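This one's a predicted model, so the numbers in the text were calculated from it and none came from an experiment.
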Amino acid sequence: MVPVAIVSAVGLVVDDRVIADSPIWFKPFKFSLSFAAYCLSLSWMLTLLPRGRRVGWWAGAIVAVASVIEIVIIAGQAMRGKRSHFNYETSFDELLYNVMGGTVIALWLATLVVAVLLIRARMADRASAWAMRCGVVLALAGTAVGFLMSEPAPGQRMGVDKVVGAHSVGVPDGGPSLPLTGWSTTGGDLRISHFFGMHALQLLPLLVLVLITLAPRYARLADDRLRLRLVLLASGVYAAVFLLLLWQALRGQPLTHPDGATLAVAGVILVAAVLGTYGFLRAPASPRGGTAPEAEVAEAEEAAAVKGLT
């Protein structure tokens, strides 16, 4: 992915071709970076599995191969001056797009296997374990948004139109967009929730790292039960924001122009996040290390949660 990102960055500078109002090398550039982050996070999580490593290795290998096939087609189509997604212009373009569809399904199923392994795994640091579990489940949800984009947009007909599928809702793909991301500023854009969901895989474990880093300075964060509660709260808030972004896009509403209903839901999520954080931080700290009964209760609670998720 790194070499493709470098080549794509050069392409952005020296190649002025445009597809759907976007520089032709922008898609392989952002996809290669996204795949790199996704695969690095997943590979790190696989090293933490106490069991099922053989199954995890094969699942990781499938993710890696699927990612490579996907980025090769995306970059190859950019070199040809063609769309990689939703392209039915020729039988060859259609074949490449169908192959990409197959690799996405393989990637999603392999990630699902990793998610099951992480959910069933018992790890010493419960905050880290739940950050990874929630992160990979949200990443699956974010990836699944891509399946919505492959559906024919209003007015498109399979076997007739050269382009079938869209990431924009209520407006054609292309047109005015945000800098860097390319997200539409005139209509809904499914890529926003797709991106946000997928990268929970990095952001939730990163939260744990931040909490652990701050623990020497703020003694309250040294409590592993508090870190667990904050991670679960953050995961719930993250899931709510993901659903809000998806709902907003499906209503054909741009991220930059939310209506009253969107703002109201966003306000509720914000209040819940603030009150939840305040409540957890103000709650009495558990004894350092915890008593034996407390540890047993905590383990029983976690076992019940894992069983329920499974």
Steps toward salt bridge (Lys or Arg N to Asp or Glu O under 4.0 Å) verdict (Asp223, Arg225)
CA-CA 5 Å; Asp223 184 352; Arg225 299 188 72 173; 5.9 Å; no

Can you list the residues that meet the ring-ring contact (aromatic ring centres under 6.0 Å, His included) rule with Trp25, with sequence neighbours excluded?
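For Trp25 there are no ring-ring contact (aromatic ring centres under 6.0 Å, His included) partners, ignoring immediate neighbours.
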
Is [Y] reachable from [X] through a run of hydrophobic residues whose side-chain heavy atoms are each under 4.5 Å from the next?
X: Leu140; Y: Met132; answer: no
X: Met100; Y: Ile24; answer: no
X: Trp108; Y: Leu46; answer: no
X: Leu33; Y: Val4; answer: no

Has [X] got a side-chain atom pairing as donor or acceptor with [Y]'s backbone, closer than 3.5 angstrom?
X: His194; Y: Gly142; value: yes
X: Asp173; Y: Ala166; value: no
X: Tyr88; Y: Val160; value: no
X: Arg191; Y: Gly182; value: yes
X: Glu89; Y: Lys162; value: no
X: Arg133; Y: Ala121; value: yes
X: Asp21; Y: Gly175; value: yes
X: Gln156; Y: Gly165; value: yes

Compute whether any side-chain donor of one residue and acceptor of the other, for [X] and [Y], lie under 3.5 angstrom apart.
X: His85; Y: Ser150; value: no
X: Gln248; Y: Asp259; value: no
X: Thr262; Y: Arg251; value: yes

Is it the case that atom CZ in Arg157 sees more than 12 heavy atoms from other parts of the structure closer than 6.0 Å?
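Check fails, neighbour count at 12 or below.
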
I need the minimum non-hydrogen distance between [X] and [Y], along with the two atoms involved.
X: Tyr238; Y: His199; answer: OH-C, 3.7 Å
X: Met198; Y: Ser34; answer: CE-OG, 4.3 Å
X: Ala272; Y: Leu233; answer: O-CD1, 4.3 Å
X: Val208; Y: Val231; answer: CG2-CG2, 3.6 Å

With a 4.0 Å cut-off, would you call Arg80 and Asp93 a salt bridge?
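Result for this pair is yes, salt bridge flagged.
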
Just distance, no hydrogens or angles: give the donor-acceptor pairs under 3.5 Å from side chains in residues 60-75, sequence neighbours left out.
unit_1 : atom_1 : unit_2 : atom_2 : d
Ser67  : OG     : Val63  : O      : 2.7
Glu70  : OE1    : Thr103 : OG1    : 2.5

Tell me which pairs pass side-chain hydrogen bond (donor to acceptor under 3.5 Å, both in side chains) where either residue lies in residues 41-66, with sequence neighbours left out.
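Output for this query lists Ser41-Gln202.
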
